[in-house]
Amino acid sequence: LVVVECKRYSADFKAVEQLKRYVKKIRELRGIDKVRGIVAAPEISPNALQMLKDHGFEYRKISPPKYLERFSRDQKILSEY
């Protein structure tokens, strides 16, 4: 199984922690040890990249489609409601 944590902008240590929780939960629910974890984002901080490596996870650079940018900038976050 593969768990992919996708970020629209830069991934940081919080993205790695989130991925770690997801992978742990999948391992527990499915009763398997081999679960691959990937963070997919346009960029990643050096600390987050090191954390990924320390946990045996991977980073994949992605480029979200440009036509989504106007929606990304205007999208509200939960705390704004």
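The residues of the chain are indexed from 1 along the displayed sequence.
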Q.
salt bridge (charged side-chain N to carboxylate O under 4.0 Å, His left out) for Glu43 and Lys61? Distances and angles first, verdict last.
A. CA-CA 6 Å; Glu43 50 189 56; Lys61 184 175 180 70; 5.6 Å; no
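- Using a 4.5 Å heavy-atom cutoff, the side chains of Ser10 and Ile44 are not in contact.
- Closest approach of Ala15 and Glu5 over heavy atoms only: O-CG, 3.9 Å.
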Q. Hey, mind stepping through Asn47 and Phe13 against side-chain contact (heavy atoms from CB on, under 4.5 Å) and telling me if it holds?
A. CA-CA 7 Å; Asn47 291 341; Phe13 73 95; 5.6 Å; no
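- Within the 3.5 Å criterion, the main-chain N or O of Lys53 finds no donor-acceptor partner in the side chain of Tyr59.
- Put simply, the side chain of Met51 reaches to within 4.5 Å of the side chain of Glu17, judged on heavy atoms.
- Nearest heavy atom pair, residue Ala48 against residue Ala11, reads CB-O, 4.1 Å.
- Between Leu1 and Ile32 there is a side-chain heavy-atom pair separated by less than 4.5 Å.
- The shortest distance between side-chain heavy atoms of Lys7 and Gln18 falls below 4.5 Å.
- Residues Val2 and Val35 are not in side-chain contact: their nearest non-hydrogen atoms beyond the backbone lie 4.5 Å or more apart.
- Atom NZ of Lys20 sits about 8.5 Å away from atom NZ of Lys24, to the nearest 0.5 Å.
- Counting heavy atoms from C-beta on, the side chains of Val39 and Phe57 never come closer than 4.5 Å.
- Taking CG of Leu49 as the reference point, atom CG of Asp54 lies at 9.5 Å (rounded to 0.5 Å).
- Residue Val16 is grouped with residue Tyr22 when hydrophobic side chains (ILVMFWY) are merged at heavy-atom distances under 4.5 angstrom, including chains of intermediate members.
- In this structure a side-chain-to-backbone donor-acceptor pair under 3.5 Å is missing from Arg60 to Ala40.
- Considering CG of Leu19 and CG of Leu52, their distance stands at 7.0 Å, rounded to 0.5 Å.
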